[in-house]
Amino acid sequence: MPVPTLPAFPDNVPTHPLLVIDYELVKARNPSEIDRLWEAATKLGFWYLKNHGVSEEVDRMFDMGAETMSLPLEEKMKFEQGDDGMSFGYKAAGANAVDATGRLDSVEFLNVAKDDALSWPKQARRAYPSTVNARMESTIRPFIHKSLDINNTFLEVLNDRLGLPAGTLLAKHLVDEYSGSEARLIKKAPTQVEQGKPPNVALGSHTDFGSLSFLHNRLGGLQVLVPGAETWQYVKPIPGHAICNIGDAMSLFSGGILRSNLHRVVPPPGNQSAFDRWSLVYFTRPGNSIILRALVEDSPMIAEAVAKTPEKNFETGSTSAEWFSRRVKNQRIKNRKGPETWMASRGTEVGVTTNSIDAAVHDYILAHNAYPSPLGYMDFPKSICTSINNIIVHGIPDDRPLENGDIINIDVTIFSNGYHGDTSQTFLVGNVDEQGRELVKMTNDALQAGIQACGPGRPFKGIGKAIYDLTRHTNFSVSSQFTGHGIGTVFHRPPWILHHLNDEPGVMKPGDCFTIEPSLIQGSNPRGWIFPDGWTASTENCARSAQAEHMILITENGVEVLT
Ligand SMILES: O=C(O)CCC(=O)C(=O)O
Ligand SMILES: [Fe+2]
């Protein structure tokens, strides 16, 4: 490493202490050390590792990383990982999203496949820059060999503690089977922070894709979201100590007994922020063909854990290769279609909470010199409405994590340059069942039918009629409790737009600006009731509801969709 005198980690930022595990003791199968490892692996899924014996190899890897990252960007881009879900190769800063709103990451990666390092000079998976090739044998292969030994020891020890027949986990990580296992060098250059704006997260909140990660870093920046805590906490780097953590594959194999915890990287704290941050990880991932699922047939302990958590799904139906490629692909900013792309990059973590969506949207709106209209409006406490499943409208963001199969409407209104702009859409979280997908599709069709009924001289009641004609023979009903509304310099004003069959008078004229926002409900009962919070509107029978909204302007010749 070229910079020997890095400033110390500041002592005034909160950190989360990890258990320190002694590798020599684990290797010797010391029972009390294995108890502590078990505690670390099941409670947080992170621990420090001392006496690992890899420090020299790690230093040489950092030298190789420095040589490679200082190549011209054009040269590095010849080895880019691409957008198809392959991880190996180079990833430029800004190629990935860090959150559902599509903010960009600021870390460069160099990922070298275990398969390439071990088969060198034969190419197994892909080609690398000359600086990597030159050190494949002297630097990369020894680092990978030692990392493999360490992770394999952990696989054996955890295998026994999980009550699995000897060798079960090792057999899922055979060194000769191609896999996503790789060594990753990460460089994060100091962030140029705009005055008054918080710096972006450098590497977005995630769980690791594979089985075990063996991490070395010099500067702070790694943070974990400890279960039950509301804020992220730094993990302080300790010289000579690696940081180990459990990934999704092990969490799935163990039926959730082993914990794959959320973590992220932010700019280093305090004086450290002025320096390049380097980190190095070896990721052990299962062989490409291995199906990711709980090993219930192999261990009564795992079978019991799965039986106790029926709400969780440990049957991914994916091979390790598919799981990995899906996650890598959907993080690439070039593949981003909307927040759903980010959701599709998620692993075993409980989903993002509606509070975190609220916070991200709030920050985004303020960063663009606008104000979130709902915040403080008639005492509404948040910046957006998030209405999940049976909530028709006006759900208040909270700490409920999104779950696989949810549908969620996100309703955003901003105030900018004296005007309000209002729109909403219902998103699918993970795998939504057929009926749920049909509900969301029909809701969008209803919105389009409503828009098509608009134009100068046309009756307002035509909107409700068009939606009625579309939905009358379906299994969905239309809520008549909530209406669209005129909008402009005020948030809500006449005309009130009814989405159900009605006989209200009035025709549209150029300059009229209003929202159309039908809520459709599964089944024939469209009635809802309001929670004691005064806002949240649920369907009476808890059937699911979806909503879609645009703000439109009547023009001389027709209609313009403004959102
Ligand atoms: O750089 C770090 O400290 C962590 C990197 C990480 O979490 C990852 O690459 O998955
Ligand atoms: Fe990670």
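Counting convention: from 1, in listed order, for ligands and their atoms alike.
Near N217, meaning under 4.0 Å from any of its heavy atoms, are these atoms of ligand 1: 3 (O). With ligand atoms numbered from 1 in the order given, ligand 1 contributes 7 (O) to contacts under 4.0 Å with heavy atoms of H263. Listed by number with element, the atoms of ligand 1 under 4.0 Å from a non-hydrogen atom of F283 are 8 (C), 9 (O), 10 (O). Near I186, the atoms of ligand 1 lying under 4.0 angstrom from a non-hydrogen atom of the residue are 1 (O), 5 (C), 9 (O). Atoms of ligand 1 found under 4.0 Å from any heavy atom of S279 (numbered from 1 in listed order, with element): 1 (O), 2 (C).
In this structure, R36 is not positioned above the aromatic face of W38 in the sense of NZ or CZ being under 6.0 Å from the six-membered ring centre and within 45° of the axis.
For Y178, the OH atom is densely surrounded, since the number of other residues' heavy atoms within 6.0 Å is greater than 12.
With hydrogens left out, the protein atom closest to atom 4 (C) of ligand 1 is V265 CG2, 3.6 Å, a heavy atom. For atom 9 (O) of ligand 1, the closest heavy atom belonging to the protein is R184 NH1, 2.9 Å. Atom 6 (C) of ligand 1 has L203 CD2, 3.6 Å as its closest protein atom, hydrogens excluded (heavy atom only).
Evaluation of the salt bridge (charged side-chain N to carboxylate O under 4.0 Å, His left out) rule for D116 yields no partner, not counting sequence neighbours. Considering only residues two or more places apart in sequence or on other chains, F9 meets the ring-ring contact (aromatic ring centres under 6.0 Å, His included) condition with Y234.
Judged purely by atom type and a 3.5 angstrom limit, T354 uses its side chain to pair as donor or acceptor with the backbone of D398. Under a 3.5 Å cut-off, the side chain of K114 and the backbone N or O of V175 do form a donor-acceptor pair. No donor-acceptor pair closer than 3.5 Å links the side chain of R285 to the backbone N or O of A321.
Within the structure, ligand 1 has R277 among the residues with a heavy atom less than 4.0 angstrom away. Between K188 and ligand 1 there is no heavy-atom distance shorter than 4.0 Å.
At a 4.0 Å heavy-atom cut-off, ligand 1 touches H206 through the side chain alone. At a heavy-atom cutoff of 4.0 Å, ligand 1 is contacted by no atom of I243, backbone or side chain. Heavy atoms of V107 found under 4.0 angstrom from ligand 1: none, in either backbone or side chain.
Residues E322 and R326 are not paired through a salt bridge, judged by the lack of any N-O separation under 4.0 Å between the basic side chain and the carboxylate. We find that E24 and K50 are not joined by a salt bridge, their nearest charged nitrogen and carboxylate oxygen being 4.0 Å or further apart. Salt bridge present: D406 and R400 bring a charged side-chain N and a carboxylate O closer than 4.0 Å.
Using the six-membered ring where Trp is involved, F214 and F143 have ring planes that are parallel, under 30° apart on the 30 and 60° scheme.
Applying the salt bridge (charged side-chain N to carboxylate O under 4.0 Å, His left out) definition to pairs two or more places apart or across chains, those involving residues 247-274 are D248-R327.
Of all protein N/O/S atoms, those lying under 2.8 Å from the Fe ion (ligand 2) come to 3.
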